[in-house]
Peer 1: 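Dropping the structure in here first, questions after.
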Amino acid sequence: MTALLEVKDLRVSYGKIEAVKGISFTVNQGEVTTLIGTNGAGKTTTLRTLSGLLKPTAGTIVFDGAPLNAVPAHKIVSLGLAHSPEGRHIFPRMTIEENLLLGAFLRKDTPGITEDVERAYTLFPILGERRKQAAGTLSGGEQQMLAMGRALMSRPKLLMLDEPSMGLSPLMMQKIMATIVELKAAGTTVLLVEQNAQAALSLSDTGYVMEIGRIVLTGTGADLLHDESVRKAYLGED
Ligand code: ATP
């Protein structure tokens, strides 16, 4: 197993508040790895730090064999790390196609970009059907597809998805989860943050449970799904 991302003793603070209190975890090449945990556990803070949007106060991040700590956010994308943020952040007045193309802003290979836009439309046909429409006309689930499609436009080695199922209908959520499985089959490594522990762990090779800034439990997705404390805390069982 090759580690694509290795995080060691990472600490991140907002002023005096330490949101991430020394976490270590690994994302293996070709796998789906999930961080689960309740609101405020520090999952989003972790992804934002990996993307270079927040600076860690301590710890090391090694991505694809090289340290990421001192690399600015815009360079991190070019190293192969893409982030589909919580809340999606699509541009509602721009068309679907324009939103996708923004994900390729660092690339100059026009034929490759066109190919990848088409690939996004194959992955999510609704985006292709509505390519010339304003992205703001899409439903929440469709906007999530667009956010994922846009993140894929940089041809990332690692795709980070922050709560892709948030606010979606069960059917739409299934579609998003099925797409993650498809992406993995096509060779993309995925780091997923989810509140929907059942859905996320079911498709994860490895899971980490976060509580108030710390990782408290690690295992395979299947192990964590069957873990009694996880079932009680995250799957609503007594
Ligand atoms: P959620 O699912 O609600 O996004 P999370 O696990 O992703 O939860 P974070 O958003 O990373 O958690 O938040 C971790 C902690 O950091 C929380 O206590 C939160 O209140 C705090 N925090 C997050 N953003 C800021 C900020 N900009 N300024 C100050 N504190 C923040």
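Atoms within each ligand, like the ligands themselves, are counted from 1 in listed order. Residue indices begin at 1 and follow the sequence shown.
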Peer 1: For atom 19 (C) of ligand 1, is the nearest protein heavy atom closer than 4.0 Å?
Peer 2: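 Not a single protein heavy atom is under 4.0 Å away.
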Peer 1: Considering both backbone and side-chain atoms of Gly42, is one of its nitrogen or oxygen atoms within less than 3.5 Å of a nitrogen or oxygen in ligand 1?
Peer 2: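 Yes; at least one N/O pair falls below 3.5 Å.
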Peer 1: Who's the nearest protein heavy-atom neighbour of atom 1 (P) of ligand 1, and how far?
Peer 2: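 Answer for atom 1 (P) of ligand 1: Asn39 OD1, 3.7 Å.
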Peer 1: Taking non-hydrogen atoms only, is Glu163 closer than 4.0 angstrom to ligand 1 via side chain, backbone, both or neither?
Peer 2: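 It is the side chain that gets close, since no backbone atom is under 4.0 Å.
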Peer 1: Kindly indicate, with the supporting measurements, whether the criterion side chain to side chain contact (heavy atoms under 4.5 Å, CB included) is fulfilled by Met153 and Ile113.
Peer 2: CA-CA 7 Å; Met153 288 299 297; Ile113 294 172; 3.9 Å; yes
Peer 1: In terms of atom number and element, which parts of ligand 1 are under 4.0 angstrom from non-hydrogen atoms of Thr38?
Peer 2: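 Reading through ligand 1 atom by atom, the close ones are 6 (O).
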Peer 1: Could you give me the CA-CA distance, side-chain angles and deciding distance for Lys132 and Glu97, then say whether salt bridge (charged side-chain N to carboxylate O under 4.0 Å, His left out) is met?
Peer 2: CA-CA 6 Å; Lys132 299 294 176 209; Glu97 189 145 308; 3.7 Å; yes
Peer 1: For atom 8 (O) of ligand 1, what's the nearest protein heavy atom and its distance?
Peer 2: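 Scanning the protein heavy atoms, the shortest distance from atom 8 (O) of ligand 1 goes to Gly40 N, 2.8 Å.
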Peer 1: Could you check atom 10 (O) of ligand 1 against the protein and tell me its nearest heavy-atom contact, residue, atom and distance included?
Peer 2: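 Ranking protein heavy atoms by distance from atom 10 (O) of ligand 1, first comes Thr44 CB, 3.7 Å.
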Peer 1: Run the numbers for me: atoms of ligand 1, each under 4.0 Å from some heavy atom of Ala41, listed by number.
Peer 2: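 Checking each atom against Ala41, I get 5 (P), 6 (O), 12 (O).
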Peer 1: List in chain and number order the residues that pass side chain to side chain donor-acceptor pair (under 3.5 Å) with Thr34, two or more places apart in sequence or in another chain; answer none if no residue qualifies.
Peer 2: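 With neighbours one apart ignored, the set is Ser204.
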Peer 1: Is any side-chain heavy atom of Val230 less than 4.5 Å from a side-chain heavy atom of Leu201?
Peer 2: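 Heavy-atom side-chain distance check passes, below 4.5 Å.
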Peer 1: Among all the protein's non-hydrogen atoms, which is closest to atom 26 (C) of ligand 1, and how far away is it?
Peer 2: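 Residue, atom and distance for the closest contact: Tyr14 CD2, 3.4 Å.
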Peer 1: Looking at Lys21 and Glu211, is there a salt bridge between them, counting it only when a charged N and a carboxylate O are closer than 4.0 Å?
Peer 2: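 Lys21 and Glu211: not salt-bridged.
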Peer 1: Should the heavy atoms of other residues, nucleotides or ligands under 6.0 Å from CG of Leu106 be counted, would the total exceed 12?
Peer 2: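 Yes, because the 6.0 Å sphere around CG of Leu106 holds more than 12 heavy atoms from other groups.
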Peer 1: If the cut-off is 4.0 Å to any non-hydrogen atom of Ala19, which atoms of ligand 1 fall inside it?
Peer 2: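 Numbered from 1, ligand 1 contributes 14 (C), 15 (C), 16 (O).
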Peer 1: Can you find a pair of side-chain heavy atoms, one from Thr49 and one from Thr46, that are under 4.5 Å apart?
Peer 2: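 Side-chain contact under 4.5 Å: no.
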Peer 1: Specify the protein heavy atom at minimum distance from atom 9 (P) of ligand 1: its residue, its atom name, and the distance to 0.1 Å.
Peer 2: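 Ranked first by proximity to atom 9 (P) of ligand 1 is Thr45 OG1, 3.5 Å.
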Peer 1: Counting from 1, what ligand 1 atoms have a heavy atom of Gln195 closer than 4.0 Å?
Peer 2: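 Within the 4.0 Å cut-off of Gln195, ligand 1 contributes 2 (O).
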Peer 1: Is it true that atom NZ of Lys55 has more than 12 heavy atoms of other residues, nucleotides or ligands lying nearer than 6.0 Å?
Peer 2: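 Check passes, neighbour count above 12.
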